[in-house]
Amino acid sequence: MRPARVHSWNISPDEATAIQNNLREKVVVSPINKDIHHIGGTAVTFNTTNNTIHAALSVLSYPDMTLVEQRGVSQEIRFDYISGLLAFREGAPLMSLFRKTDQDMDVVLFHSHGQAHPRRFGLASHLGVLLDVPSIGVSNKILVGHHEHLSEEQYSESHIVYDNERIGAALRSKENTKPIYISVGHKADLSSSTELIKKLVKKYRLPEPIRLSQLAADQQKEGRQVDMKKKRGQTSLF
DNA sequence: GCGACAG
DNA sequence: ATCTTGTCGC
């Protein structure tokens with residue numbers, strides 16, 4: 001997948017913030033219109049002793065949810081973690097993952113926030129704009145904003161409000177389990193994003209494309225080969 | 001000043 | 001994120 005837009009990741013926090021304020025103007029909020037056949041999901045894990053970041057991409061066919069392709073990559077960490085600037089810590093390895101495949105993806109899920117961000121431009125929006133692909137942010141916890149109390153039943157949900165705006169949704173993906181937080185990345189809207197995520201949650205709290213990538217990222221971290229692609233019923237390893 | 005703070 | 005035992009629940 002060729003990025004539609006690029007910029008350096010080797011910059012200062014101030015420059016990073018400026019880039020966010022510029023690129024946020026490129027975000028498009030609209031229903032995910034086209035038919036969905038393939039869904040991408042990413043995840044990363046770190047090894048602080050190595051100063052290495054490991055990232056993985058999984059592509060599932062939809063709605064059968066079959067794993068079609070998986071990619072892994074490891075890079076040196078070169079940007080300290082700063083709340084609100086996560087995209088600059090994970091952006092480079094994530095972008096290299098997409099460069100490794102020509103697989104078509106109708107929407108990509110990122111383990112992060114999209115518009116539910118202090119400058120309304122979290123990692124999910126950032127990568128969505130650079131790749132020019134519909135994207136959704138799915139996170140374990142809120143970065144900014146608040147929401148009403150959720151009942152314990154599955155699918156109870158409430159909007160995340162920040163600065164008097166609805167920036168995302170808190171969704172109880174599984175009964176009696178901590179909620180997940182969903183927000184628009186790019187070329188999507190909140191209702192269609194939430195409905196899609198519901199369909200991608202199976203036995204676990206997080207949607208399958210992200211969950212499978214977390215497992216793959218762990219394998220990548222342990223030095224195991226992750227790259228694989230299924231073709232005509234066959235599986236190719238690289 | 002105090003608390004919050006994606007991964 | 002990651003460091004970790006026990007423990008509750010299906």
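Residue numbers start from 1 in every chain, and the chains themselves are labelled A, B, ... in the order their sequence lines are given, proteins ahead of strands. In what follows, every heavy atom counts, from backbone to side chain, and hydrogens, waters and symmetry copies are set aside.
Look at NE2 on A/H126: it is 18 Å from P on B/dG7, rounded to the nearest Å. Put simply, CZ on A/F46 is 16 Å from C1' on C/dC3, counting in whole angstrom units. Remark: C1' of B/dC5 and OH of A/Y162 are 11 Å apart, rounded to the nearest angstrom. Put simply, CD on A/E90 is 11 Å from P on C/dT2, counting in whole angstrom units. Taking atom CD1 of residue A/I160 and atom C1' of nucleotide B/dC5, one finds them 15 Å apart after rounding to whole Å. Here B/dG7 presents its P atom at 20 Å from CD of A/Q75, a figure rounded to the nearest Å. Put simply, NE2 on A/H146 is 10 Å from P on B/dA4, counting in whole angstrom units. Going from atom CG of A/N140 over to atom P of B/dA4 covers 19 Å, rounded to whole Å.
For the pair A/K174 and A/Y204, the cation-pi criterion (under 6.0 Å, within 45° of the ring axis) is not fulfilled.
No engagement by A/N47 is indicated, since no non-hydrogen atom pair under 4.0 Å with the nucleic acid exists. When heavy atoms are screened at a 4.0 angstrom cut-off, A/K221 is found touching the sugar-phosphate backbone but no base atom. Using a 4.0 Å heavy-atom distance criterion, A/G137 is classed as making no nucleic acid contact. Residue A/S112 is classed as a base contact, given a heavy-atom separation below 4.0 Å to a base. Here A/I142 lies in heavy-atom contact (under 4.0 Å) with sugar-phosphate atoms only. Across all strands shown, A/I77 has no heavy atoms under 4.0 Å from either base or sugar-phosphate atoms.
A/H126 and A/F88 have perpendicular rings, their planes meeting at more than 60° on a 0 to 90° scale where under 30° would count as parallel.
The base of B/dA6 lies close enough to the side chain of A/H117 for a donor and an acceptor atom to sit less than 3.5 Å apart.
Note on A/S139: a side-chain N or O is less than 4.0 Å away from OP1 or OP2 of B/dG7. OP1 or OP2 of B/dA4 has not a single side-chain nitrogen or oxygen of A/K141 nearer than 4.0 Å. Contact annotation: A/Y181 does not reach the phosphate of B/dA6 (side-chain N/O to OP1 or OP2, under 4.0 Å).
Residues A/H159 and A/H146 keep their aromatic ring centres 6.0 Å or farther apart.
No single ILVMFWY cluster, assembled from side-chain heavy atoms under 4.5 Å apart, contains both A/Y162 and A/I136.
Using a 4.0 Å cut-off between charged nitrogen and carboxylate oxygen, A/D218 and A/R224 do not count as a salt-bridge pair.
B/dG7 has A/Y81 stacked on its base ring, the centres lying under 5.5 angstrom apart and the planes within 30 degrees of parallel.
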